[in-house]
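Right, one structure below, let's go through it.
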Amino acid sequence: MAEAESTGGEFEREPVPNSALMGPSKFWGMYAGEHCAGTEFMIGPLFLAAGASLQDVLVGLLLGNILAVLTWRYLVVPIAMAKRMTLYYQLERIGGSQMVKLYNVVNGVLFCFLAGAMVTVSSSAVGVPFNVMYEPPETTFELGTPSFTAIVLVVGLVMSVIAAAGYTTVARVANYAAPWMIAVFAAAGIVSLGQMGVDSFAKLSEGAFWSDAIAFIQSQPGGKQAFPFWQLVTFAWLCNGAMHFGMADLTIFRFARHASSGWAPAIGMFLGHYMAWIAAGLLLAAQIKLNQIANPNPGILAYSALGWTGILCVVVAGWTTANPTIYRAGLAFQGVLPKCSRVQMTLLAGAVATVAGAFPALAYKLLDFVGTYGTVLGAMGAVIFVDYWFVKRLGLTEEYAARTGMTFNWAVLLAWALPVGVSLYLMYGLDEANRVFPAYCVIPAWIACGVIYVVLSKLMQKPQPELSQLADA
Amino acid sequence: MKQIAWILGALAVATIALAPFAYVTGSLSLDTYKWLALALTVVWFVTALWPGVEESVEHAVDD
């Protein structure tokens, strides 16, 4: 307990004791809040803009989200409840403290870009009352209009300062706001149907409101795209690859009293990543029908359907998810520079996120970004999976760095870097026509990482005495 | 009082989510709904922040 207190009372460097375990409500509340984010207002319209059919969206997202929930429940929860350690500490015990620092830098930077997209989305809503529009430029790394950039800077500054002040208050606000946000998302979808004149089940099942919107988008210059069924399934399953395949949520589920808490992500998936995405897609379809504008500006979309409640929802949804993301990025950076305070590192993370948010086209690339994020961070989860389930059975030493005192386990770095490097090349190194959709790389990279780790461990590990032998000695 | 706040909050959220059906069927104008949703948003946050409501919801879920 003394150590827990010395590390902030969060049991970062020891298993969570029985006295600190939590019931399911905390997990259901947390997942409801975290997965009803401001970015859902962006992702749903992007499916429509990419030409996904309504039937594919309804069935594909359903299947993908079921797979995501099962992955959390059966991949993450058993290890989390057996070890009751954070991802970082578990990784440190396998890969060594220096290896974890490298992982932390990558983790922190990716968190900052994700938070940046949330800053952009919130700014799109803050700009509406000032008549400042979110209009993404042609190229990815090009600033928006000066007035939009100014709003991004203010929103980013406020979010960073609040994140630096602490996480608890924001987490509580997120919990309070979650049921309301879910209701607002649902309302947005129904209002959009009303705006498109879909007032009967026959019109709803006919789906002309969706296919007409796709036809309009595809008639625009550069609008001809496709987003087939399996791409939707894969995206819905693996957009949170870092959390489940990547084992980031070991940090959350180590507090679970019962394995049934592992079903809690279902609320985030089916409300945030199903209902909310579809509702947000309907917002864009309604905008196209009413105004023939295909730009998915989250602030305008929400305002036209729900007025000030919509604006408030985009800001709150962006804020309550950007804050913990900036906070976590700050913690990741602090792991690399332990002499700097958490406040300093959170402000640094907030500054990086704000700069990222100032490039509005980055939020347009959200579908690619979350796939990249899942591939890069997700692959590392295979090392933990293999270490827990297979290493001992294969005659190797589990938690090798902790057992040998090494600070950098090259087997972990190579097992991570090789598949991730190849994946990044396939995603961004090829011609535009031959590039692989980033979410497709998550599982192959994860499997490759696990296999390479076993092979390299066979080659590089030196036999260690069993713990029981050490005790006898 | 805690239970009344609980019920009021639940009703507010349910109304925000379901009242748009009245707009779809033409019995409520969109402008009216927008102002109703804003007022109910205030009701939700007041009731959610009401002392003791959060704990009683958590106990209900855990049980």
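In what follows, chains carry the letters A, B, and so on, assigned in the order in which the sequence lines appear, proteins first and then strands, with residues in each chain numbered from 1. Computation of the quantities below employed the complete heavy-atom set of this structure, encompassing side-chain atoms and omitting hydrogens, waters and symmetry-equivalent molecules.
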With a cut-off of 3.5 Å and sequence neighbours excluded, list every side-chain donor-acceptor pair involving residues 263-283 of chain A.
from, atom 1, to, atom 2, distance (Å)
Tyr274(A), OH, Leu58(A), O, 2.7
Trp277(A), NE1, Glu40(A), OE1, 2.7

Check: Trp44(B) side chain, Tyr176(A) main-chain N or O, donor-acceptor pair, under 3.5 Å:
yes
Please classify the contact between Phe21(B) and chain A as side chain, backbone, both or neither, with a heavy-atom cut-off of under 4.5 Å.
both
Identify which part of Leu30(B) has an atom lying under 4.5 Å from any heavy atom of chain A, answering side chain, backbone, both or neither.
side chain
Would you say Thr309(A)'s side chain and Leu38(B)'s backbone share a donor-acceptor pair under 3.5 angstrom?
yes
Between Thr25(B) and chain A, which part of the residue has a heavy atom less than 4.5 Å away: side chain, backbone, both or neither?
neither
Given side chains that start at C-beta, do those of Trp180(A) and Leu40(B) come closer than 4.5 Å, heavy atoms only?
no
Side chain from CB out, backbone as N, CA, C, O: work out which of these in Phe27(A) comes under 4.5 Å of a heavy atom of chain B, or both, or neither.
neither
Table please: side-chain donor-acceptor pairs of residues 182-201 of chain A below 3.5 Å, with sequence neighbours left out.
from, atom 1, to, atom 2, distance (Å)
Ser192(A), OG, Ala188(A), O, 2.7
Gln195(A), NE2, Ser304(A), O, 3.3
Asp199(A), OD1, Lys203(A), NZ, 3.2
Ser200(A), OG, Lys203(A), N, 3.3

Do other residues, nucleotides or ligands put more than 12 heavy atoms under 6.0 Å from Gln3(B) CD?
no
